[in-house]
Amino acid sequence: MNEFIPGQRWISNTESELGLGIVEEAAYNRVSLLFLATGEKRLYAQDNAPLTRVKFSVGDVVESAEGQKMTITGLAEKGGLITYFGRDDGHQEMELEEIELSHHIQFNKPQDRLFTGQFDPSNWFQLRYETWRHLQQHQQSPVKGLQGARASLIAHQLYIAHEAAGRASPRIMLADEVGLGKTIEAGLILHHRLVNGLSRRVLIIVPDSLLHQWLVEMVRRFNLRFSLFDEERCLETHEDNPFMTEQLILCSQGFFSAYPKRQQQALAVEWDMVIVDEAHHLEWSEDAPSQDYLFVEQLGRISPSLILLTATPEQLGKQSHFARLRLLDPDRFYNFTAFLEEEKQFEPVAEAAKLLIEAQPLSEQARKNLSHLLQNDNAGNLLKQLDDPDLADAARSELLKILLDHHGTGRILFRNSRQTVKGFPERQCQGYPLEGQVTEKMENDPRYLWLVDTLKSLRGKKALLICKKAQTAIELEHSLKTRAGIAAAVFHEGMSIIERDRAAAYFADEESAARLLICSEIGSEGRNFQFLHHLILFDLPTNPDLLQQRIGRLDRIGQQHVIQIHIPYIKETQDHFLYRWYDEGLNAFRVNCHAAQQVADILTKELTAVLQALNEAELDRLITKTQTLATEIDIELHNGRDLLLELNSCRKESAHQLIDQLQAIDNEGTLWPYLEDIFDCYGVDIEFHSNDCHILRPSEHLRLAHFPGLPDDGITLTTSRVIGLAREDLQFVTWEHPMVTASMDMVLSSETGNAAVSVVKLDQVKAGRFFLECLFVVECSAPESLQVRRFLPSAPIRVLIDQNKNDVTNSILHEQIVDSGVKFDKRQIVAFLNNQRLPITHLLNLAEQKATLEMNAMIERATLLMLTTLTSEIKRLVRLRKVNPSIREEEIEQLKDFTELLHEHIQEAKIKLDAVRFVITS
């Protein structure tokens with residue numbers, strides 16, 4: 001039995017957070033302890049008290065109750081009480097009675113917890129080791145930041161995200177065609193930068209109609225919780241600048257337009273990244289830029305990263321396109337006339353690229369053009385290799401790669417088209433010529449009567465109807481409800497954002513009675529209705545891009561059905577003529593016509609005249625002219641800038657490498673077993689749901705008040721990407737899910753598991769022997785934005801030392817040290833450890849020396865890898881800047897500074913003992 005004497009210091013094995021306790025009274029097999037740090041008092045039975053005597057050793061640093069620190073040089077025990085002798089910080093001799101020790105001393109160091117008997121079961125030590133190993137793997141993953149999205153692994157989206165997010169300060173325009181997933185691309189870039197610590201404070205600006213859609217998409221796909229700011233929210237904060245209160249903020253452009261004061265407050269914040277959706281709405285001219293444009297321009301000046309999203313980069317003409325490029329790089333795009341002149345000079349580059357892609361022989365002129373364009377890139381040897389059948393393919397590939405690097409807007413503008421991206425559905429179109437005329441009363445309109453019959457013939461299948469005006473949508477919904485008894489949801493600009501979202505959600509609910517969603521033109525931008533496959537165009541826009549926006553609500557990657565487009569029109573009306581022009585002239589209903597908008601710009605006067613005159617012969621001539629012009633422009637686009645731009649927007653070899661890496665992580669099968677270990681240790685109940693799906697609930701034995709990401713009523717999760725995409729009601733969990741990252745941080749930030757004792761059976765070792773298994777980690781304190789862990793990860797360095805001071809790390813693996821389940825007397829173990837304190841401390845020092853040698857080797861490898869990687873990139877950018885003005889000097893200087901800082905921080909890395917396990921063989 002322990003001998004308790006008043007004045008002694010003891011620590012609770014089960015409540016170490018209480019600090020040092022003082023024995024107040026010991027009598028009648030009872031001992032009373034006062035924990036002054038917390039004001040708590042405890043009464044224990046002496047024969048089984050969960051207490052450990054606190055006894056420091058020579059070399060330990062202790063602190064008095066007055067805060068004075070002392071390094072122990074000796075100690076003496078008299079009457080069961082200890083007096084410590086030592087030197088203070090000024091090397092003055094001093095002594096300290098144990099009752100004078102600080103009450104707040106806690107034993108968090110692994111060796112301290114081991115000697116004081118505060119060790120944990122072996123499964124906690126193993127969990128700690130596995131957590132470090134998985135963290136190391138994730139830190140060094142080339143696809144870190146791209147794993148966590150609830151999104152299909154689509155080549156062009158992943159390529160753009162990886163290419164843009166890795167830059168020091170991405171300033172880019174995402175201009176993929178409708179349906180190719182620009183929102184997902186922006187979310188992937190944002191998620192990547194947040195996970196890697198490259199961005200923290202982000203502002204997203206979107207049209208009013210898309211506000212809640214962005215809010216939901218960021219949570220649903222990326223687990224990013226943005227704060228939605230409007231005037232009401234700003235007034236509620238009671239802060240001088242409400243934008244300083246959150247890190248991730250989502251606003252509408254209309255909000256900023258209506259409240260100029262909020263613009264000034266937003267401009268006073270240091271944003272790491274600004275994202276602007278539907279950027280083609282920012283109107284600009286050299287003489288009169290819009291206020292909205294000027295606001296985004298100012299944001300672009302203060303934010304290092306700016307991402308613009310637009311499906312139609314030249315929808316409003318080349319001047320508008322130039323205006324958006326100017327937001328991204330005002331030094332590069334400073335003059336519209338110079339921009340137009342540069343575009344003309346691009347033809348030789350495009351022609352050379354076309355010949356290389358098609359593996360055609362190069363003319364003498366093409367070779368001269370390439371030699372001139374690539375004079376700083378050793379193009380001469382590559383051009384010679386084109387004549388060698390064995391080397392030609394590799395030479396063509398390398399020449400094309402260099403050309404892509406030189407392409408002016410290639411680093412700024414990403415644009416993929418349906419022509420190069422596969423996976424889109426077939427589109428079928430049916431026109432319905434109707435007799436009669438448009439009437440004031442909707443119920444008498446031939447199109448309305450057709451609509452009622454069509455909805456009945458669809459037999460309950462849902463459909464989307466788009467029309468130009470809000471009033472048309474309102475009247476249609478009212479007439480269908482009151483005259484035909486058909487339930488429909490309506491969506492137009494006269495509704496509040498919340499009302500629109502409710503209407504869309506009500507319609508999307510499979511159980512709702514609404515079989516039709518009626519949208520005004522506002523419904524043709526941004527919204528995703530790919531779960532439908534019937535689209536009704538009640539009238540037609542005169543802008544081909546608006547028509548493609550409408551169709552693009554259904555025609556998206558992931559659409560599983562043939563899209564049925566229904567177009568009712570009254571004979572001899574403008575819609576009749578527009579239908580024929582779109583259908584016969586541009587084939588715009590069945591395919592995306594890349595030349596459509598340019599054709600419309602060229603023929604706008606003729607089209608307007610035909611629509612006013614309603615002359616069929618003139619329409620036939622216009623259709624013939626449209627077909628010819630569309631063919632010519634399409635060929636020109638294919639041969640020109642768009643061809644090279646699209647190649648640069650998705651380099652397939654790199655993209656498929658990313659997909660392979662992500663699929664390998666998805667398929668490795670290590671995440672769920674690891675999570676099971678965490679849930680088992682922390683007391684989370686697991687119930688099988690179905691293959692790769694499980695239900696989690698807090699158990700009665702939960703070790704925490706709240707487990708990260710686990711609500712009181714539980715959740716159902718899956719680790720399968722396929723199931724996660726199909727079942728949005730389940731949590732899709734990856735190594736980057738907030739629940740996983742918070743759990744790993746919870747394991748490593750607490751002391752639980754950093755000291756353990758195991759009794760094991762090893763065939764090659766006699767019973768009664770002991771080992772110390774030590775886990776060291778390399779600490780490198782560097783700003784997260786430097787991404788030092790890419791080169792020097794938090795790798796656990798394991799060292800196993802036997803009692804004879806032999807390093808047996810490589811001969812006895814961690815996996816071999818499995819707890820046999822043999823029970824041991826904890827008091828005897830603690831007594832043995834303290835009796836052998838000096839020899840065991842020596843073993844710890846030996847282990848640290850071994851770990852330090854390994855750390856030094858790691859630092860050397862990390863330094864070499866870092867310098868090789870970044871120096872190569874700096875040289876590449878310096879070389880390219882001579883021919884590609886889109887590469888900014890500050891980008892190169894920033895990378896140089898980045899390299900120097902990384903080198904300094906890597907050299908200053910230190911070793912730290914993270915956990916220790918005392919292993920006894922049986």
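Throughout, numbering of the chain's residues begins at 1 and tracks the sequence. The shown structure was predicted, so the numbers you read here are calculated from the model rather than taken from an experiment. Every heavy atom of this structure was used, including side-chain atoms; hydrogens, water molecules and symmetry mates were not.
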- Message: Walk me through whether Val202 and Ile204 qualify under side-chain contact (heavy atoms from CB on, under 4.5 Å).
- Response: CA-CA 7 Å; Val202 180; Ile204 299 180; 4.3 Å; yes

- Item | Working for side-chain contact (heavy atoms from CB on, under 4.5 Å), residues Asp583 and Arg590 | CA-CA 8 Å; Asp583 188 40; Arg590 293 170 182 80; 2.4 Å; yes

- Do Trp214 and Ile275 pass the side-chain contact (heavy atoms from CB on, under 4.5 Å) test, and can you show the C-alpha distance, the side-chain angles, and the key distance before you say yes or no? CA-CA 11 Å; Trp214 267 85; Ile275 299 174; 4.2 Å; yes

- Query: Given Gln428 and Glu426, is the side-chain contact (heavy atoms from CB on, under 4.5 Å) satisfied, shown in steps?
  - Reply: CA-CA 7 Å; Gln428 294 178 355; Glu426 181 186 346; 3.4 Å; yes

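Listed by chain and residue number, nothing satisfies the side chain to side chain donor-acceptor pair (under 3.5 Å) test with Asp660 (two or more places apart in sequence, or in another chain). Under the side chain to side chain contact (heavy atoms under 4.5 Å, CB included) criterion, Ala664 pairs with no residue, sequence neighbours left out. Scored by the side chain to side chain donor-acceptor pair (under 3.5 Å) test, Thr670 finds Glu668 as partners (sequence neighbours excluded). Judged as a side chain to side chain contact (heavy atoms under 4.5 Å, CB included), and not counting sequence neighbours, the contacts of Ser305 are Ser169, Pro170, Arg193, Met273. For Arg326, the side chain to side chain donor-acceptor pair (under 3.5 Å) partners two or more places apart in sequence, or in a different chain, are Tyr293, Glu297. Residues satisfying the side chain to side chain donor-acceptor pair (under 3.5 Å) criterion with Glu784, sequence neighbours excluded, are Arg200.
Heavy-atom neighbours of Glu860 CD from other residues, nucleotides or ligands within 6.0 Å: at or below the threshold of 12.
Residues Val296 and Trp284 form no side-chain contact, since every pair of their non-hydrogen atoms from C-beta on lies 4.5 Å or further apart. Two residues are said to be in side-chain contact when any heavy atoms from C-beta on lie closer than 4.5 Å; Leu413 and Ile172 fail this criterion. Between Lys896 and Thr899 there is no side-chain heavy-atom pair separated by less than 4.5 Å. Using a 4.5 Å cut-off on side-chain heavy atoms (C-beta onward), Thr734 and Thr719 make no contact. With contacts defined as side-chain heavy-atom distances shorter than 4.5 Å, the pair His156/Phe414 does not qualify. A 4.5 Å side-chain heavy-atom check between Val143 and Ile665 finds at least one atom pair inside the cut-off. Side-chain atoms of Leu725 and Phe732, non-hydrogen and from C-beta on, never get closer than 4.5 Å to each other. Thr310 is not listed as a side-chain neighbour of Val276, based on a closest heavy-atom distance of 4.5 Å or more.
Side-chain atoms of Arg221 do not come within 3.5 Å of backbone N or O of Gly187 as any donor-acceptor pair. At least one donor-acceptor pair closer than 3.5 Å links the side chain of Gln548 to the backbone N or O of Ala588. In this structure a side-chain-to-backbone donor-acceptor pair under 3.5 Å is present from Ser720 to Ile723. Side-chain N or O atoms of Arg721 include one that pairs as donor or acceptor with a backbone N or O of Ala149 at under 3.5 Å. Checking side-chain atoms of Arg415 against main-chain N and O of Ala175 turns up a donor-acceptor pair under 3.5 Å. For the pair Asn196 (side chain) and Leu198 (backbone), a donor-acceptor distance under 3.5 Å is absent. Panel note: side chain Thr628, backbone Thr624; a donor-acceptor pair is recorded below 3.5 Å. Although no hydrogens or angles enter the test, the distance criterion places no donor-acceptor pair under 3.5 Å between the side chain of Arg171 and the main chain of Ile412. Put simply, the side chain of Gln627 gets close to the backbone of Glu584: a donor and an acceptor are under 3.5 Å apart. With hydrogens and angles ignored, the 3.5 Å screen pairs no side-chain donor or acceptor of Ser397 with any backbone N or O of Asp393.
Separation of atoms NZ (Lys625) and CG (Leu603) is listed at 6.0 Å; rounding is to 0.5 Å. Separation of atoms CD1 (Ile307) and CG (Leu328) is listed at 9.5 Å; rounding is to 0.5 Å. Between the CD1 atom of Ile906 and the CG atom of Leu792 there is a distance of 6.0 Å, given to the nearest 0.5 Å. Taking CZ of Arg150 as the start and CD of Glu217 as the end, the distance is 10.5 Å to the nearest 0.5 Å. In this structure, CG in Leu146 is found 11.5 Å from CD in Gln157, a value given to the nearest 0.5 Å. With values rounded to the nearest 0.5 angstrom, Ile160 atom CD1 is found 11.5 Å from Ile184 atom CD1.
When every heavy atom of Leu325 is checked against every heavy atom of Phe333, the shortest pair comes out as O-CD1, 3.6 Å. Shown here for His905 and Pro783, the closest heavy-atom pair between the two residues is NE2-CD, 3.7 Å. Between Ala392 and Leu386, the shortest heavy-atom contact is CB-O, 3.6 Å. Taking each heavy atom of Leu180 and Asn416 in turn, the nearest pair found is CD2-O, 3.3 Å. Of all heavy-atom pairs between Ala782 and Leu786, the closest is CB-CD1, 4.2 Å. In terms of heavy-atom proximity, His656 sits nearest to Ala155 at CE1-CB, 4.4 Å.
Counted by atom type alone, Thr626 and Trp581 present one or more donor-acceptor pairs between their side chains at under 3.5 Å. For His280 and Glu278, the side-chain atoms include at least one donor-acceptor pair closer than 3.5 Å.
A salt bridge does not link Lys182 to Asp277: none of the charged nitrogens lies less than 4.0 Å from a carboxylate oxygen.
The only option from Lys144, His192, His138 that meets the side-chain hydrogen bond (donor to acceptor under 3.5 Å, both in side chains) definition with Glu736 turns out to be His138.
In this pair, Phe322 and Phe336 present their aromatic rings tilted. The plane angle is within the 30 to 60° band.
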